[in-house]
Amino acid sequence: MCGVVAVIGKENASQLVIEGLKKLEYRGYDSAGIASEANGLLQIVKSEGKLFKLVDKISRLSNEKKYFDSSIALGHTRWATHGNVNVDNAHPLTSENRIAVVHNGIIENYEILKEDLISEGFVFKSQTDTEVLPHLFMKYIKLGNDFLKAGRLVLQDIKGAFAFVAMSLDFPNQLFVSRNSSPLAIGLGEKSNFVGSDAKSIDHLTQRIIYLEDGDHALVNLDGIEIFDKNKNKINRKIINIKAEIGLITKGGYRHFMEKEIFEQPSVIPQTISNLIKNNSEININLRRLGIETKSALLITAAGTSYYAAMVGKYWIEHIADLPVIVDLASEYRYRKPSIFGQTSMIVISQSGESLDTLMALRYAKKLGLSTNSIVNVEGSTIDREAEYSLYTRVGAEIGVASTKSFTSQLIILFVISIALGEKFNKLQSKKIHRFCNYVNKLPNAIAQMLKIEDKIKLVAQNIKNSKSIIFLGRGLLYPIALEGALKLKEISYIHAEGFAAGEMKHGPIALIEDNVPVIMFLVSDGNEDKAISNLQEAYSRGAKVILIGDRKCIEKASFAHLKIEIPNFETDFKSLLSPLLMAIPAQLLAYHVANERGTDVDQPRNLAKSVTVE
Ligand code: F6R
């Protein structure tokens, strides 16, 4: 999703902005641009595609002496919402070559504002919603307002979710910034200040960060910042000291971040676990803070892969703690009138902690009176800050767009929550609590063993890489993994893939089966495997290419399958209860290798963003 970086007060501001934009690349983008000031003129350079193209353009212009060093610069990576991917629509957008704005979010009432501005004589050069911002600034500055007053008038006019930074030749040593729902951080330096979509994008410049709150606006000067809340009251926001992560974010010898993130699961997951389980069986989750004091229904909302984690959490919490769980897609929850009957608490799950849909669901639930909690990876993210209680996955930065280690660590937290709830509501005796905690502690090793089937998964990938459409089937705890397997595959290989509950096939989707359509099932023997194998048989009888990834018993029972991948041997109860964590691994590996076979951009697949900060 769009990334914003700005620097004021450093001689090589453009260079520093580019470095910041590089750190935002993982979020996904389709074009990039930069604005700076030199000799009293605005310099704008923009390009379609990846950042290196922008860098090439700037260095060519610098060699030709058409681009100059500057002590103020704004930069942007764009993920198109309004208007095609092209240079005109790339940010910064300008007005009369005197104002430049970079923006993340959507100005919802831009059409009416644009009509008015056109009738007032402003000329639009892009198809974006953002372009109304520089023109509105220009309009109010021309009326005699200073930068702060002009910015406030702009804020009165616009509706939507946004985080933007504006610079003006009329106020050469100032930046005007504001946020509403989209994230924005300000970094404090020595006679220099910085702005970024997240703290990571400016951690090469400072470790002193202020997160703006919703509705805040600020004037960032060379030697200080003034922040105002939505009622225009001057306000001090907390300064947070962050740790620079720059040294850690490398591919570590792997071809892609996604590959690294898949393979580092056994070594990072202990960080998730050590915080949750102490001394082998003491669970470190505060159920009072989680808002579950008495038996009540729990609501979990999330998006994408995090939503599939929520689905698994429902199965576990209902099964282990006998507590009803409602799972809801965050993007749906906020736009209906949900009943909170029987509920006291909600948990949102988000790797980034910035997904706008999920954030809005959390705010909505807060308004409805639920206790709001989060499971997040990025500490200090908006969702973490707004949740009353957060549990951290702590698996380090996830750079590959496709979520991998975050998913497995979210699952671990949900499993431990189910043990904590089972203990609280007397559904688990201490012997079982001990056993389940032991299962959790065994996971890093079990995942390491699952990773060893990579070569067999590669063969499956080669076999299905040219398929037009692929079906994933699962039952029970492995139904969400079928959905996750299909999502992962489609997002990075661009092959159409769907996951279905195996028992649902006969109610419609079976019509999709024709000769050679791959039907993939993850399965472990848990006493119910025969039902799933019958569903697989139904697909086989209709010509599907049946691929089974399962334990020995299932493989023996489904000897008819065309491709059979046997997983390592685990204790029956462990493998059936924790099957989602085990089977997430072949699902991730399969998507990764199919994408590699097809030569797609694994870490930054087309059209996708890592941090989805628009609705
Ligand atoms: C899929 C994927 C997405 C995210 C979703 C939610 O691989 O990464 O589906 O899971 O956009 O993101 P977070 O968890 O950051 O809220």
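Note that the structure is a prediction, hence the values are computed from the model and not measured. Whatever order the structure lists ligands and atoms in, that order sets their numbers, starting from 1. Start at 1 with the first residue, then count along the sequence.
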With sequence neighbours left out, what residues match Val517 under side chain to side chain contact (heavy atoms under 4.5 Å, CB included)? Ile471, Glu514
Throw together a table of side-chain donor-acceptor distances under 3.5 angstrom for residues 448-457, partners on residues two or more places apart or in other chains.
{"residue": "Gln449", "atom": "NE2", "partner": "Asn445", "partner atom": "OD1", "Å": "3.2"}
{"residue": "Glu454", "atom": "OE2", "partner": "His593", "partner atom": "NE2", "Å": "2.7"}
{"residue": "Lys456", "atom": "NZ", "partner": "Glu566", "partner atom": "O", "Å": "3.2"}

Per-pair distances, ligand 1 N/O vs protein N/O, less than 3.5 Å:
{"residue": "ligand 1", "atom": "7 (O)", "partner": "Thr305", "partner atom": "OG1", "Å": "3.4"}
{"residue": "ligand 1", "atom": "7 (O)", "partner": "Ser403", "partner atom": "N", "Å": "2.9"}
{"residue": "ligand 1", "atom": "7 (O)", "partner": "Lys488", "partner atom": "NZ", "Å": "2.8"}
{"residue": "ligand 1", "atom": "7 (O)", "partner": "Glu491", "partner atom": "OE1", "Å": "3.4"}
{"residue": "ligand 1", "atom": "7 (O)", "partner": "Glu491", "partner atom": "OE2", "Å": "2.3"}
{"residue": "ligand 1", "atom": "8 (O)", "partner": "Val401", "partner atom": "O", "Å": "3.3"}
{"residue": "ligand 1", "atom": "8 (O)", "partner": "Ser403", "partner atom": "N", "Å": "3.3"}
{"residue": "ligand 1", "atom": "9 (O)", "partner": "Thr305", "partner atom": "N", "Å": "3.2"}
{"residue": "ligand 1", "atom": "10 (O)", "partner": "Thr305", "partner atom": "N", "Å": "3.1"}
{"residue": "ligand 1", "atom": "12 (O)", "partner": "Ser355", "partner atom": "OG", "Å": "3.4"}
{"residue": "ligand 1", "atom": "14 (O)", "partner": "Ser306", "partner atom": "OG", "Å": "2.6"}
{"residue": "ligand 1", "atom": "14 (O)", "partner": "Gln351", "partner atom": "N", "Å": "2.7"}
{"residue": "ligand 1", "atom": "15 (O)", "partner": "Ser350", "partner atom": "OG", "Å": "3.4"}
{"residue": "ligand 1", "atom": "15 (O)", "partner": "Gln351", "partner atom": "N", "Å": "3.4"}
{"residue": "ligand 1", "atom": "15 (O)", "partner": "Ser352", "partner atom": "N", "Å": "2.8"}
{"residue": "ligand 1", "atom": "15 (O)", "partner": "Ser352", "partner atom": "OG", "Å": "2.7"}
{"residue": "ligand 1", "atom": "16 (O)", "partner": "Ser350", "partner atom": "OG", "Å": "2.6"}
{"residue": "ligand 1", "atom": "16 (O)", "partner": "Ser355", "partner atom": "OG", "Å": "2.5"}

Parallel, tilted or perpendicular: which one describes the rings of Tyr592 and His256, with boundaries at 30° and 60°? perpendicular
When you compare the side chains of Glu354 and Thr382, does any donor N or O come within less than 3.5 Å of an acceptor on the partner? yes
Atom of Thr404, atom of Gln588 and distance for their closest heavy-atom approach: O-NE2, 3.3 Å
Counting only pairs under 3.5 Å, give me each side-chain donor-acceptor contact of residues 480-503, with atom names and distances, residues two or more places apart or in other chains.
{"residue": "Glu484", "atom": "OE1", "partner": "Thr305", "partner atom": "OG1", "Å": "2.8"}
{"residue": "Glu484", "atom": "OE2", "partner": "Thr305", "partner atom": "OG1", "Å": "3.4"}
{"residue": "Glu484", "atom": "OE2", "partner": "Lys488", "partner atom": "NZ", "Å": "2.7"}
{"residue": "Lys488", "atom": "NZ", "partner": "Thr305", "partner atom": "OG1", "Å": "3.1"}
{"residue": "Lys488", "atom": "NZ", "partner": "Ser403", "partner atom": "O", "Å": "2.5"}
{"residue": "Lys490", "atom": "NZ", "partner": "Ala497", "partner atom": "O", "Å": "3.0"}
{"residue": "Ser493", "atom": "OG", "partner": "Leu489", "partner atom": "O", "Å": "2.6"}
{"residue": "Ser493", "atom": "OG", "partner": "Ile495", "partner atom": "N", "Å": "3.2"}
{"residue": "Tyr494", "atom": "OH", "partner": "Arg606", "partner atom": "N", "Å": "2.8"}
{"residue": "His496", "atom": "ND1", "partner": "Ser469", "partner atom": "OG", "Å": "2.9"}
{"residue": "His496", "atom": "NE2", "partner": "Glu498", "partner atom": "OE2", "Å": "2.9"}

